[in-house]
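Throughout, residue positions are numbered sequentially from 1 according to the sequence presented.
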Amino acid sequence: MGEDKIVLDKEILTKIQSRATAIKLISNDKQIIKEASEILSIIEEQFKVNSVSLLERINQKMKETKLSNPELNANLYILYRKLSDNKISEEDAAVLYDLYVSSEPFDKKIY
């Protein structure tokens with residue numbers, strides 16, 4: 001099974017982050033402080049992962065696979081063009097991108 005993903009507004013994650021910070025500062029219990037710190041680190045990691053736009057990730061992956069996997073490169077180029085021309089939603093493009101990238105190891109051909 002693949003990872004299930006959910007789309008959240010950045011504002012919601014920011015609110016959770018600020019509440020976790022408040023809990024960490026207010027609490028005297030070491031276990032609660034540890035849990036709040038873990039929540040904060042998870043949120044920071046998600047901010048780092050999602051800071052690059054989907055178009056930039058597709059473009060970067062296209063450059064990586066240009067010589068090693070031309071078929072994946074072509075699929076990503078088509079996806080990039082459809083997304084940049086607003087012919088496909090960002091959610092659908094993200095699903096296709098994940099599908100292409102996850103199937104990459106199985107599509108290896110010798111060129």
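- Applying the side-chain contact (heavy atoms from CB on, under 4.5 Å) test between Met62 and each of Asn75, Leu72, Asn73, Leu79 identifies Asn73 as the sole match.
- Sorted by first and then second residue, the salt bridge (Lys or Arg N to Asp or Glu O under 4.0 Å) pairs with a member in residues 26-43 form an empty list; sequence neighbours excluded.
- Considering every non-hydrogen atom in both Leu54 and Ala94, the closest pair reads CD2-N, 3.6 Å.
- Every residue two or more places apart in sequence or in another chain that forms a side-chain contact (heavy atoms from CB on, under 4.5 Å) with Asp85 is listed here: Arg81, Lys87.
- Under the 4.5 Å side-chain criterion, counting only non-hydrogen atoms from C-beta, Glu64 is in contact with Gln60.
- Applying the side-chain contact (heavy atoms from CB on, under 4.5 Å) rule to Leu55 yields the partners Ser53, Tyr80, Leu83, Ser84; only residues at least two apart in sequence or on another chain are considered.
- Using a 4.5 Å cut-off between side-chain heavy atoms of Ile, Leu, Val, Met, Phe, Trp and Tyr, Ile32 falls into a hydrophobic cluster with Ile23.
- Heavy atoms only, all atoms of each residue included: Ala20 and Leu40 are closest at CB-CD2, 3.9 Å.
- Here side chain to side chain donor-acceptor pair (under 3.5 Å) pairs that include residues 18-27, with residues two or more places apart or in two chains, are Lys24-Ser37.
- Considering only residues two or more places apart in sequence or on other chains, Asp92 meets the side chain to side chain donor-acceptor pair (under 3.5 Å) condition with Ser89.
- Put simply, OH on Tyr100 and CD1 on Ile78 are 7.0 Å apart, with the number rounded to the nearest 0.5 Å.
- In terms of heavy-atom proximity, Lys61 sits nearest to Leu76 at CG-CD1, 3.5 Å.
- With sequence neighbours excluded, the residues satisfying salt bridge (Lys or Arg N to Asp or Glu O under 4.0 Å) with Lys15 are Glu11.
- Residues that satisfy the salt bridge (Lys or Arg N to Asp or Glu O under 4.0 Å) test with Glu45, not counting sequence neighbours, are absent from this structure.
- With sequence neighbours left out, Ile43 forms a side-chain contact (heavy atoms from CB on, under 4.5 Å) with Leu13, Ile16, Gln17, Ile39, Phe47.
- Hydrophobic clustering (ILVMFWY, side-chain heavy atoms < 4.5 Å, transitive): Ile88 and Tyr77 are in one cluster.
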